Amino acid sequence: MPAPTPFALYRKSHPNLAEPVGAALDIELRFPVVTDGVAVFRSSLWLPLPEACRSATALSLDGSTLQAQFRPAEFALETDDARWFDLAEDDGEAETRLELVWPAPIVRIDDPFPGVTLEFGLHRADGEAVSAEAAQTGRTGTALNPPWVGSPLVVKFTASSLLGGQHNMTENLRALPARRGSRAGGVKLAKDIAHDEAELKLEIDKDIALMRQGSQLVPRIRIAARPASPRLRLVLEGAEADGSDRLLWQAMLPGEQDAPVTLPAGALAEEWGAALEQVITFCQRDTVPEVLPRLRLDIESDAPCLVKLSNVSLSLLADHALLTDPLRVDFDGKQHASRDLALAPTHGGSPLQLTLKGRLRAADTPPAGERPSAGGPDGRSGLLVEEDQRVSCERQLDAPATLAGFSFDWHALSERLTGVLRVMPAAARRGSPALVEQAFDFDTAQPAGAASTPQRLAVRWPALDLQAQALRVELVVTHGRGLWLAEPGGQGWRVHRVPEDGEGRAVGLALQAAWLEAAPGAASGSTGGSEPVFSLGAQTLAFTTRDKDRFELSIAPPALASWPALPIKVASGVAAEVVVESATLRTTAV
């Protein structure tokens with residue numbers, strides 16, 4: 001099987017016949033192309049689509065760059081080039097009729113031979129009728145002011161001009177065929193290249209066919225080339241039902257441009273985003289094409305101009321879904337357990353990132369048989385806490401510890417309890433940043449028909465190494481109500497009935513609460529073994545984002561290099577449910 005063609009811009013429609021375009025390229029939009037009677041100036045580049053388009057869920061050009069600067073210029077046109085001249089014919093030795101394919105502004109007529117400047121008049125022509133008076137006069141080799149626009153035209157050289165110089169016009173004209181005949185030498189060249197690439201031979205044959213007899217009096221003119229409605233068009237070749245091309249994207253600046261202008265205006269990943277979505281839809285339709293089509297980038301203007309292609313750096317990225325259905329892993333919490341995640345890798349391309357998304361719910365209550373004992377035999381004694389109330393206390397940390405959470409015993413009087421737990425140094429002023437500010441959202445609903453029972457709720461956070469000190473704990477309830485289970489005789493707890501109640505009211509109860517500690521040194525993003533942990537080989541994987549029970553985890557090189565030889569594992573020492581809803585592998589597309 002042949003090696004895949006790199007995703008890049010190519011100057012030929014068959015990339016295997018050409019090297020990709022480098023970081024920069026100068027292009028002349030020099031010759032008109034007539035389509036449906038309308039002339040445009042166009043140069044095309046091709047981008048082969050990789051096989052990854054057949055299976056990718058998304059394509060992107062993140063980090064890719066490309067800019068096209070359209071510039072004004074002047075072009076020299078040989079009158080024996082049929083791409084520009086329908087007719088370039090001398091009438092005797094003093095008159096030439098020119099009929100241009102496209103009405104370009106003529107800014108100069110070159111000398112027919114070096115060293116002799118000729119005076120001329122420009123006459124408008126309408127069929128066989130030619131104006132008697134010159135509409136404009138000029139001299140060869142000198143700029144026309146203003147530029148001449150109009151076709152056909154007749155150039156008439158003055159008698160004084162023709163008689164000047166050491167040689168007369170006849171002698172000069174006799175010397176011209178030998179000098180200009182070099183272009184006809186291409187015919188022999190075309191016969192000698194049968195062994196070369198077929199596409200190259202076709203291009204040379206096409207050029208030979210465009211050679212024609214030009215004017216000897218006016219061998220060359222110069223035109224003003226100004227971008228007019230410059231544009232970039234990205235098309236998918238042969239995508240329509242009738243085999244025609246489909247326009248995917250276009251960027252254009254309307255009107256004639258007297259100064260350089262650059263397209264596209266935005267980042268390439270954003271500009272071509274919708275186009276790549278259409279590419280995926282086409283490549284994954286029911287009738288899968290045996291050979292994927294090509295993308296073609298048309299660089300166009302309504303008038304001739306120069307184009308500078310720069311910052312060309314293209315890298316097509318493909319996202320592949322590794323799961324068709326969610327992957328669920330359950331832990332009963334009776335012992336520490338580890339499970340492998342069964343993810344089948346896709347083939348082709350270099351892995352850049354693997355992203356897992358899903359939900360994770362670790363048990364916030366102890367296993368059965370370890371119910372809170374405070375609050376009496378029925379768990380109905382304690383401090384009533386309702387919405388918009390705050391409970392605070394100073395608790396002494398007698399030795400250095402690694403704190404990973406805070407638990408409290410609760411008898412729910414609502415089906416849900418939400419709020420915020422804050423931990424800060426006891427000496428900190430009000431308004432100072434907290435060491436921990438962790439939101440919580442507990443489902444405290446009891447099973448239908450079952451007796452109401454107390455629960456041990458645990459607010460968890462990434463483990464934090466702390467020195468021995470006095471800490472202030474504040475628990476704010478924003479929704480729900482219940483009894484914070486307690487025993488008589490405690491000190492230090494205060495309840496604040498309204499937010500602005502700074503001092504609060506002392507509570508003569510010992511509320512049931514405890515720190516959740518992890519092993520020392522586990523502060524770097526772990527949760528002290530309180531919930532499932534993902535790993536790859538010897539490396540523990542930290543969550544990219546975590547919001548309540550939702551998580552996202554991204555793995556990039558060099559860690560990703562060991563997968564899939566080593567599986568991704570998830571381990572837990574508590575009862576938990578882990579559901580990986582999606583696994584997306586991003587690769588370079590080939």
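Fair warning: this is a prediction, and the values are worked out from it, not measured in the lab. The residues of the chain are indexed from 1 along the displayed sequence.
The local environment of NZ in K308 is crowded, with over 12 non-hydrogen atoms from other residues, nucleotides or ligands closer than 6.0 Å. Within 6.0 Å of atom CG in D242, more than 12 heavy atoms from other residues, nucleotides or ligands are found, so the atom counts as buried in its surroundings. Heavy-atom neighbours of E240 CD from other residues, nucleotides or ligands within 6.0 Å: above the threshold of 12.
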Start with the C-alpha distance between T584 and D319, add both sets of side-chain angles, then the distance that settles side chain to side chain donor-acceptor pair (under 3.5 Å), and finish with yes or no.
CA-CA 6 Å; T584 303; D319 290 347; over 6 Å; no
Applying salt bridge (Lys or Arg N to Asp or Glu O under 4.0 Å) to D245 and R294, what does each step give before you reach the verdict?
CA-CA 10 Å; D245 301 336; R294 296 177 295 265; over 6 Å; no
Would T65 and Q67 count as a side chain to side chain donor-acceptor pair (under 3.5 Å) here? Give the steps.
CA-CA 7 Å; T65 56; Q67 286 186 317; over 6 Å; no
Could you go through the side-chain contact (heavy atoms from CB on, under 4.5 Å) check for D302 and V38 one step at a time?
CA-CA 9 Å; D302 288 341; V38 178; over 6 Å; no
Worked verdict on L122 versus F120 for side-chain contact (heavy atoms from CB on, under 4.5 Å)
CA-CA 7 Å; L122 300 179; F120 58 80; 3.7 Å; yes
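Looking at T587 and S350, their side chains never come closer than 4.5 Å, going by heavy atoms from C-beta outward. Side-chain contact between S215 and E89 is absent, with no heavy-atom pair separated by less than 4.5 Å. In this structure, R124 and D126 have side chains that are not in contact, with every pair of non-hydrogen atoms separated by 4.5 Å or more. Within the 4.5 Å cutoff, no side-chain heavy atoms of L295 are placed close to those of W46. In this structure the side chain of C53 reaches within 4.5 angstrom of the side chain of L59, judged on heavy atoms. A heavy-atom distance below 4.5 Å is not found between the side chains of R97 and L153. Between L47 and L9 the shortest side-chain heavy-atom distance falls below 4.5 Å. I299 has its side chain out of reach of S44: every pair of non-hydrogen atoms, C-beta onward, lies at least 4.5 Å apart.
Taking 4.0 Å as the cut-off between side-chain N and carboxylate O, R226 and E256 do not count as a salt-bridged pair. Ion pair D62/R586 flagged as a salt bridge, since at least one NZ, NE, NH1 or NH2 atom sits closer than 4.0 Å to an Asp/Glu carboxylate oxygen. The residues E581 and R550 are annotated as salt-bridged, a charged nitrogen and a carboxylate oxygen being separated by less than 4.0 angstrom.
Taking the six-membered ring for Trp and the full ring otherwise, the centers of F551 and F534 sit less than 6.0 Å from each other.
Between T140 and the choices L217, V218, T117, the side-chain contact (heavy atoms from CB on, under 4.5 Å) rule is met once, by T117.
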